[in-house]
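One structure is given below, encoded as structure tokens.
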Amino acid sequence: MNILITGGAGFIGSHVVRLLVNKYPHYNIVNLDKLTYAGNLANLADVENAPNYTFVRADICDYDTILAILQQYHIDGIIHLAAESHVDRSIRDPFAFARTNVMGTLSMLQAARTYWESLPERYEGKRFYHISTDEVYGALEFDGTFFTEDTRYNPHSPYSASKASSDHFVRAYHDTYGMPTIVTNCSNNYGAYQFPEKLIPLFINNIRNRRPLPVYGKGENVRDWLFVEDHARAIDTIFHSGRVAETYNIGGFNEWRNIDLIKLLIATVDRLLGNPEGHSIDLITYVTDRPGHDLRYAIDSTKLKNELGWQPSLQFEEGLERTVAWYLNNQEWLDNVTSGEYMQYYDQMYNNSNTSNPQ
Ligand code: NAD
Ligand code: TYD
């Protein structure tokens, strides 16, 4: 199979690329990424020379280029992760989210349709797998309910509104053109290589540097946290065995109030740094709440477990400890992405060219 992964230089995408490159030496894995501030090829340094791996720098909004790439690499399957992904940025710049998440997904779909419909076998053996978020479902109360695959869409942030819109386009391409699509909606991920604007890596970095930890509102919001490698495993399983036109929710059954998670994080970082217990607790700083801040997310992933046998592999405390240890052992990575130096490097390296094969 020839598989195109979009957004493969980002947080989740890099784990998906690594998993598939290592697990399927007989597949060709093409990683298509624009390398925005969130994309970093250092996330894939360990697989960049693999014979079954190719990197292409391109923008998912650029229909002509995407079509040419699909044709050039004879792509059978697309795993679409490229997106603007941070809620706070979407509040500041909603147009960027509509452009990438809505128009970018639409141009991916249309390019796939044009290419696959031009082949004698058309959609036979093809698959367009769209990675989405639980945030499209809106917010839950503290009432023990969960988001299921049948929960009505009710997005509140420009980020979740743009993802909801892209999900609708994906389903429309199945219903209208017969494209074999799958959508999955996943809860909050954590693990190595996450850009330090998101809660967990931001706070690890701030604790390390004795900077304040900005807790939005009262810290009472609840998120359902999933180890990123478990998400990558779910994506592999669903890509290969999921039923076309279905939706699968992916989650950890692992709800944490932000303030409880932050206290566990502080204790873990202090312990691994050899600080006395409670050393960094004074860094907690309550700040003005995020506008439209969703109260609670919680995913019911029973369908995925029953149909495909997937379930999370790690206890949160263990996953968090591994994650903290990774960031503390990879301070150069953290310093690089926070300094923005890697962006200048890419701009020079890929100047006047949007395609590169590291071979
Ligand atoms: P990320 O921000 O770390 O990475 C996004 C990647 O997409 C980056 O490599 C970036 O360079 C690339 N990209 C952005 N715009 C592009 C464009 N126009 N063309 C080509 N590439 C572009 O994001 P992430 O956290 O890894 O999330 C990946 C996907 O998973 C997103 O679709 C997101 O909505 C979804 N998701 C994320 C989470 C989470 O907790 N992070 C949870 C559920 C779903
Ligand atoms: P985040 O990692 O941005 O993920 P999402 O908003 O997609 O769930 O935030 C996780 C939770 O942490 C969310 O409830 C907002 C909160 N938060 C803070 O309290 N302070 C921060 O600085 C950040 C980035 C997030």
Side-chain angles (χ1 to χ4, degrees), residues 1-10 12-33 44 47 50-60 62-83 104-132 166-167 169-184 231-248 308 310 354-359:
M1 266 195 120
N2 300 316
I3 301 177
L4 182 79
I5 299 175
T6 72
I12 301 170
S14 63
H15 289 275
V16 176
V17 168
R18 177 176 299 100
L19 177 68
L20 297 195
V21 165
N22 289 328
K23 188 169 170 186
Y24 302 104
H26 51 297
Y27 286 3
N28 291 313
I29 307 294
V30 180
N31 170 15
L32 184 157
D33 199 295
L44 289 164
V47 294
N52 62 339
Y53 172 72
T54 305
F55 172 68
V56 182
R57 190 180 194 185
D59 186 335
I60 55 167
D62 183 350
Y63 167 84
D64 292 333
T65 302
I66 300 299
L67 179 57
I69 291 167
L70 297 179
Q71 291 165 335
Q72 180 182 352
Y73 294 100
H74 307 286
I75 295 299
D76 311 298
I78 295 173
I79 305 179
H80 176 43
L81 295 109
T105 300
L106 182 54
S107 84
M108 288 298 306
L109 286 162
Q110 185 62 12
R113 177 183 166 222
T114 305
Y115 172 51
W116 287 338
E117 288 190 359
S118 75
L119 301 173
E121 76 273 22
R122 290 173 62 89
Y123 292 119
E124 188 63 42
K126 306 294 184 282
R127 182 152 289 200
F128 190 108
Y129 177 2
H130 176 62
I131 308 298
S132 191
S166 64
D167 296 5
F169 271 108
V170 174
R171 295 190 180 105
Y173 266 64
H174 171 267
D175 296 348
T176 309
Y177 307 110
M179 183 179 287
T181 60
I182 293 190
V183 177
T184 55
H231 188 190
R233 228 174 10 90
I235 290 172
D236 173 28
T237 302
I238 294 163
F239 178 76
H240 286 94
S241 309
R243 283 184 295 137
V244 163
E246 289 292 323
T247 298
Y248 297 90
L308 300 175
W310 176 92
N354 64 9
T355 303
S356 155
N357 184 336
Q359 250 94 120

If you round to the nearest 0.5 Å, how far is CE of Met1 from CD1 of Ile29? 9.5 Å

Check each of Ile75, Thr54, Ile78, Ile66 against Leu32 using the side-chain contact (heavy atoms from CB on, under 4.5 Å) test, and report the only one that passes. Ile66

With a 4.5 Å heavy-atom cut-off, do Lys126 and Glu121 have their side chains touching? yes

Got a second to check how far Phe128's CZ is from Tyr177's OH, nearest 0.5 Å? 13.5 Å

Side chains of Val30 and Val56 in contact at under 4.5 Å (non-hydrogen atoms): yes

His130 and Ser166: CA distance, side-chain angles, deciding distance, side chain to side chain donor-acceptor pair (under 3.5 Å) verdict: CA-CA 9 Å; His130 176 62; Ser166 64; 3.2 Å; yes

Return yes if a side-chain donor-acceptor contact under 3.5 Å exists between Thr105 and His80, otherwise no. yes

Quick one, His174 with Tyr123, criterion side-chain contact (heavy atoms from CB on, under 4.5 Å). Give me CA distance, side-chain angles, the key distance, then yes/no. CA-CA 11 Å; His174 171 267; Tyr123 292 119; over 6 Å; no

Looking at Leu81 and Gly13, what are the two nearest heavy atoms and their distance? CD2-N, 4.0 Å

Stepwise side-chain contact (heavy atoms from CB on, under 4.5 Å) check, Arg233 with Trp310: CA-CA 8 Å; Arg233 228 174 10 90; Trp310 176 92; 3.6 Å; yes

Salt-bridged, Lys23 to Asp236, with N to O below 4.0 Å? yes

Distance check, rounded to the nearest 0.5 Å: Asn28 atom CG versus Leu20 atom CG? 12.0 Å

Could you check, using the six-membered ring where one of them is a Trp, whether His74 and Tyr115 have ring centers closer than 6.0 angstrom? no

Please give me the minimum heavy-atom distance between Asn31 and Gly7, naming the atom from each residue. OD1-C, 4.4 Å

Pair Ile238-Leu308, side-chain contact (heavy atoms from CB on, under 4.5 Å): steps then yes or no: CA-CA 8 Å; Ile238 294 163; Leu308 300 175; 3.9 Å; yes

For His231 and Tyr248, I'd like to know if the aromatic rings sit close, meaning centre-to-centre distance below 6.0 Å. no

Yes or no on side-chain contact (heavy atoms from CB on, under 4.5 Å) for Met108 and Phe169, after CA distance, side-chain angles and deciding distance? CA-CA 11 Å; Met108 288 298 306; Phe169 271 108; over 6 Å; no

Mind listing the closest non-hydrogen atom pair of Thr6 and Ala82 along with its distance? OG1-N, 3.0 Å

Taking side-chain contact (heavy atoms from CB on, under 4.5 Å) as the criterion, tell me which of Ile79, Asp76, Ile182 meets it with Arg127. Ile182

Quick check for you: to the nearest 0.5 Å, what is the distance between Leu109 atom CG and Arg171 atom CZ? 12.0 Å

Can you find a side-chain donor-acceptor pair between Tyr24 and Asn52 that sits under 3.5 Å? no

Shortest non-hydrogen separation from Ala50 to Val21 and the atoms involved: CB-CG1, 3.6 Å

Is there a side-chain contact between Leu4 and Asn2 in this structure, where contact means two heavy atoms from C-beta onward sitting under 4.5 Å apart? no

Side chains of Thr184 and Tyr129 in contact at under 4.5 Å (non-hydrogen atoms): yes

Shortest non-hydrogen contact between Tyr63 and Ser107, atoms and distance: CD1-O, 3.9 Å

In the structure I gave you, are the side-chain heavy atoms of Asp33 and Arg57 within less than 4.5 Å of one another anywhere? no

Rounded to the nearest 0.5 angstrom, the OG-CG distance for Ser14 and Leu44 is 5.5 Å

d(Asp59 CG, Asp62 CG) to nearest 0.5 Å is 6.5 Å

